[in-house]
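Everything on this sheet refers to the single structure shown next.
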Amino acid sequence: MYRETIIIEGSVDGMRFSKPILLSYNPNQETVEEAIINFYNSQAATFDELAVQRGWGDCYWTFPSYSKVV
């Protein structure tokens, strides 16, 4: 079981958003994209379809970038 933070970025009504979500998923049973869809309890077949359902425009998901402080 993996626990990862995923960042969803996009726009709603012309306003940009960046939303972190904490996913728990088994990579042997589902992909990250499927885990995101399940997180939102959606029946969408793809992340793009989920974005349309939720009203997100110009939307994508990514892993957070971690900066190393020296």
Side-chain angles (χ1 to χ4, degrees):
M1 189 67 93
Y2 285 6
R3 288 180 53 103
E4 295 188 273
T5 299
I6 303 298
I7 307 297
I8 298 175
E9 296 189 351
S11 64
V12 174
D13 296 329
M15 297 188 64
R16 297 290 302 159
F17 72 88
S18 179
K19 177 181 177 95
I21 60 171
L22 181 60
L23 290 181
S24 294
Y25 68 99
N26 182 339
N28 295 323
Q29 295 177 343
E30 62 185 347
T31 65
V32 174
E33 183 174 355
E34 291 168 336
I36 294 168
I37 292 166
N38 291 333
F39 178 86
Y40 284 101
N41 296 316
S42 173
Q43 297 300 314
T46 64
F47 179 78
D48 290 336
E49 188 177 321
L50 173 68
V52 169
Q53 288 176 356
R54 305 222 20 120
W56 301 334
D58 300 321
C59 192
Y60 61 92
W61 65 268
T62 187
F63 295 99
S65 61
Y66 295 101
S67 299
K68 186 175 183 181
V69 177
V70 278

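What you see is a predicted model; the values in this text were computed from it and never measured.
Taking hydrophobic clusters as Ile, Leu, Val, Met, Phe, Trp and Tyr residues chained together by side-chain heavy-atom distances below 4.5 Å, Met15 does not share a cluster with Phe17. Residues Val32 and Ile7 are members of separate hydrophobic clusters, defined by side-chain heavy-atom contacts under 4.5 angstrom among Ile, Leu, Val, Met, Phe, Trp and Tyr. Following chains of ILVMFWY side-chain contacts shorter than 4.5 Å, one can reach Tyr40 starting from Tyr2, so the two form part of one hydrophobic cluster.
For the pair Glu30 and Asn38, the minimum side-chain heavy-atom distance is below 4.5 Å. Inter-residue side-chain proximity for Leu50 and Ile36 is flagged as met; some heavy-atom pair is nearer than 4.5 Å. Using a 4.5 Å heavy-atom threshold, the side chains of Phe39 and Leu22 count as separate.
Grouped with Val52 in a hydrophobic cluster is no other residue, since no side-chain heavy-atom contact under 4.5 Å to another Ile, Leu, Val, Met, Phe, Trp or Tyr is found.
Of the inter-residue distances, the one linking Met1 atom CE with Asn28 atom CG reads 10.5 Å to the nearest 0.5 angstrom. Interatomic distance, CD of Gln43 versus CD1 of Ile37, reported as 10.0 Å (0.5 Å rounding).
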Assess whether side-chain hydrogen bond (donor to acceptor under 3.5 Å, both in side chains) is satisfied between Tyr25 and Glu34, documenting all intermediate values.
CA-CA 9 Å; Tyr25 68 99; Glu34 291 168 336; over 6 Å; no
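Remark: Asp48 engages no residue in a side-chain hydrogen bond (donor to acceptor under 3.5 Å, both in side chains) (not counting sequence neighbours).
Taking all atoms of both residues into account, the shortest heavy-atom contact from Arg3 to Ser24 is CG-OG, 3.4 Å. Pairing each heavy atom of Ile8 with each of Phe47, the nearest pair is CG2-CZ, 4.0 Å.
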Name every donor-acceptor pair, under 3.5 Å, that has one atom in a side chain of residues 53-64 and the other anywhere in the protein, sequence neighbours excluded.
from, atom 1, to, atom 2, distance (Å)
Gln53, OE1, Ser42, OG, 2.6
Tyr60, OH, Glu9, OE1, 2.3

